[in-house]
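Just follow the structure's listing: the first ligand is 1, and inside any ligand the first atom is 1. Keep in mind that this is a model prediction, so the values were computed, not measured.
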Amino acid sequence: MVGGNFVGVVLLVEIIVVMMSGCRFGANGLSMDYYFRSCPIVDPIIKTTVSRALQVDPTLAAGLVRMHFHDCFVEGCDGSVLIDSTKDNTAEKDSPANLSLRGYEVIDAVKEQLERMCPGVVSCADIVAMAARDAVSMAGGPIYEIPKGRMDGRRSRIEDTFNLPGFTLNASGLITIFGKHGFTVEELVALSGAHTLGVASCAAFKSRLTDVDQNMDADFAKTLSKTCSSGDNAKQPFDATMNRFDNLYFNTLQRKAGVLTSDQTLFADSRTAGTVNRFAFSQAMFFASFQGAMIKMGALDVKDSSNGEVRKNCHKIN
Ligand code: HEM
Ligand SMILES: *[C@@H]1O[C@H](CO)[C@@H](O)[C@H](O)[C@H]1NC(C)=O
Ligand SMILES: *[C@@H]1O[C@H](CO)[C@@H](O)[C@H](O)[C@H]1NC(C)=O
């Protein structure tokens, strides 16, 4: 009798444990502890690799964050941004919209180690998402956990990159395109705050100099002209602390020193200006909103085993 009761209790406990772990899976199939059993080393490997890469080149934090954005906005967060073109297919990578995506070698270095430690387990899409998460916190931004379990997609086509927002969009255009992906106006502003990191090429803002933009500070216009005197490829930092994830980007917009039309419009338009002011005033509010929006972005149209795979090599479909 006692033995029977014991088995019963053990079964009951197991059922509760299974139910609870079931609850940790979101509706999209992602979960916080996805690799808990299959590849527990995943977090330390990504953290060390990203940290070493940033020690050598701190500007790579920007590259990694932008890569996750470009992955998620085109065909969902499915590693499609990493696929190389073949003779029959021109991939997303080769779109002009990729304009200087950076950090592919960091993803490759992580993948190479993971394939040795837990072969065939960790998707390239998850590596991109986790590398972006670590890049944000290592650059001084919020520390947050993200759900995992994205599968890698089997499609990467240049024509899909039309889903990426153009840098000449005004607030209306940005609200529409982010709205199509399910983001609120506040989330649009928070995600744009990723431009606290990194640089833009002259090619992306030179039209604002000829076709004089009323939303631009006159001294800042001179700065941009000077940058562009070195050509289309010359880089302009989005704010004065380009390797530091802080809220200075929003103060920069208040001074009318935003680099892209799509940046400055957020302060010029009454629908977004309030949020810009709030984030300029409080870094904590920006961080809270940013991490929520990144988790949401990281769940865009994720693939599961029915329409995805774990790629062996992030550059090609298995
Ligand atoms: C709101 C619409 C957005 C537009 C129009 C836009 C456009 C651009 C453009 C044109 C550049 C410069 C590329 C170059 O000239 O090399 C850039 C850089 C960057 N973008 Fe965005 N972006 C947007 C939103 C985002 C979002 C949501 C993220 C991430 C969450 C992001 C992260 C970055 C980062 C980190 C850089 C710097 C990259 C580097 O230094 O290599 N952007 N973006
Ligand atoms: C981005 O696209 C251009 C063509 O528009 C291509 O020359 C370049 O190699 C691409 N960049 C990467 C990193 O794939
Ligand atoms: C935003 O841009 C669109 C398309 O270029 C234009 O039709 C619209 O009038 C602009 N809206 C504002 C408020 O400037």
Side-chain angles (χ1 to χ4, degrees), residues 54 57-74 77 81 95-104 106 128-129 131-133 135-136 139 141-142 146 161-181 183 185 187-208 211 213-215 224 227-228 231-239 241-245 249 253 258-266 268-273 275-276 286 289-298 300:
L54 297 190
D57 179 3
T59 72
L60 279 178
L64 291 169
V65 173
R66 185 170 183 232
M67 186 181 288
H68 183 43
F69 164 53
H70 279 222
D71 190 23
C72 294
F73 262 57
V74 182
C77 314
V81 70
S95 151
N98 75 21
L99 267 173
S100 56
L101 277 182
R102 302 179 305 123
Y104 293 107
V106 182
V128 171
R133 169 203 65 189
V136 166
I146 57 165
T161 52
F162 76 88
N163 283 305
L164 289 165
F167 46 74
T168 58
L169 288 180
N170 59 26
S172 304
L174 292 172
I175 290 170
T176 305
I177 193 161
F178 278 72
K180 275 190 195 143
H181 286 100
F183 292 105
V185 172
E187 287 165 340
L188 155 68
V189 177
L191 288 172
S192 299
H195 288 177
T196 179
L197 293 176
V199 295
S201 318
C202 169
F205 54 79
K206 66 176 176 187
S207 66
R208 300 182 70 202
D211 186 8
D213 188 329
Q214 297 307 321
N215 293 318
L224 290 187
T227 301
C228 285
D232 271 9
N233 254 327
K235 309 292 184 214
Q236 176 68 39
F238 283 109
D239 69 18
T241 55
M242 58 175 270
N243 294 329
R244 183 136 194 98
F245 197 102
Y249 167 79
L253 300 185
V259 175
L260 306 174
T261 302
S262 59
D263 294 316
Q264 197 57 55
T265 189
L266 299 174
D269 193 286
S270 61
R271 289 165 291 178
T272 44
T275 309
V276 169
F286 166 46
S289 191
F290 181 79
Q291 69 186 64
M294 282 295 272
I295 289 170
K296 188 162 164 182
M297 187 177 89
L300 283 178

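Heavy atoms of T59 found under 4.0 angstrom from ligand 1: none, in either backbone or side chain. Using a 4.0 Å cut-off between heavy atoms, P165 contacts ligand 1 through both its backbone and its side chain.
Rounded to the nearest 0.5 angstrom, R66 CZ and S100 OG are separated by 5.0 Å. Note that CG of L164 is 11.0 Å distant from CG of L169, once rounded to the nearest 0.5 Å. A distance of 6.5 Å separates OG of S262 from NE2 of H195, quoted to the nearest 0.5 Å. In this structure, NZ in K206 is found 10.5 Å from OG in S201, a value given to the nearest 0.5 Å. Taking SG of C72 as the start and NZ of K296 as the end, the distance is 13.5 Å to the nearest 0.5 Å. To the nearest 0.5 Å, atoms CG (D269) and CG (L266) are separated by 8.5 Å.
Contact atoms of ligand 1 toward L260: 7 (C), 8 (C), 9 (C), 10 (C) (distance under 4.0 Å to a heavy atom of the residue). Numbered from 1 in the order shown, with element, the atoms of ligand 1 that lie under 4.0 Å from a heavy atom of S192 read 1 (C). Residue L197 approaches ligand 1 through these ligand atoms, each under 4.0 Å from one of its heavy atoms: 35 (C), 37 (C). Counting the atoms of ligand 1 from 1 in the order shown, those under 4.0 Å from a heavy atom of G198 are 37 (C), 40 (O). When each atom of ligand 1 is checked for a heavy atom of A194 under 4.0 Å away, the hits are 28 (C), 29 (C), 30 (C), 31 (C), 32 (C), 35 (C). Numbered from 1 in the order shown, with element, the atoms of ligand 1 that lie under 4.0 Å from a heavy atom of G166 read 5 (C).
Distances between N or O atoms of R102 and those of ligand 1 include at least one value under 3.5 Å. For ligand 1, one of its N or O atoms has an N or O atom of S100 under 3.5 Å away. On a distance-only criterion, S201 and ligand 1 share at least one N/O pair closer than 3.5 Å. Ligand 1 has an N or O atom lying under 3.5 Å from an N or O atom of H195, backbone or side chain. The shortest N or O to N or O distance between L174 and ligand 1 is not below 3.5 Å.
At distances below 3.5 Å, at least one donor-acceptor pair connects side-chain atoms of T196 with backbone N or O atoms of R244. A donor-acceptor contact shorter than 3.5 Å is absent between the side chain of T265 and the backbone of N170. Side chain of R133 to backbone of I295: no donor-acceptor contact under 3.5 angstrom is found. Judged purely by atom type and a 3.5 angstrom limit, R271 has no side-chain atom pairing as donor or acceptor with the backbone of I175.
Taking all heavy atoms of F183, F205, F69, F167 into account, the minimum distance to atom 24 (C) of ligand 1 is reached by F69.
Classification of the F73-H181 ring pair by plane angle, with boundaries at 30° and 60°, yields tilted.
Taking a 4.0 Å cut-off on heavy atoms, F73 fails to register as neighbouring ligand 1.
Taking every heavy atom of both residues into account, M67 and G103 meet most closely at CE-C, 3.8 Å.
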Ligand-protein N/O pairs under 3.5 Å (ligand 3):
unit_1   : atom_1 : unit_2 : atom_2 : d
ligand 3 : 2 (O)  : N170   : OD1    : 3.4
ligand 3 : 2 (O)  : N170   : ND2    : 2.3
ligand 3 : 11 (N) : N170   : ND2    : 2.9
ligand 3 : 14 (O) : N170   : ND2    : 3.4

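Remark: T227 engages Q236 in a side chain to side chain donor-acceptor pair (under 3.5 Å) (not counting sequence neighbours).
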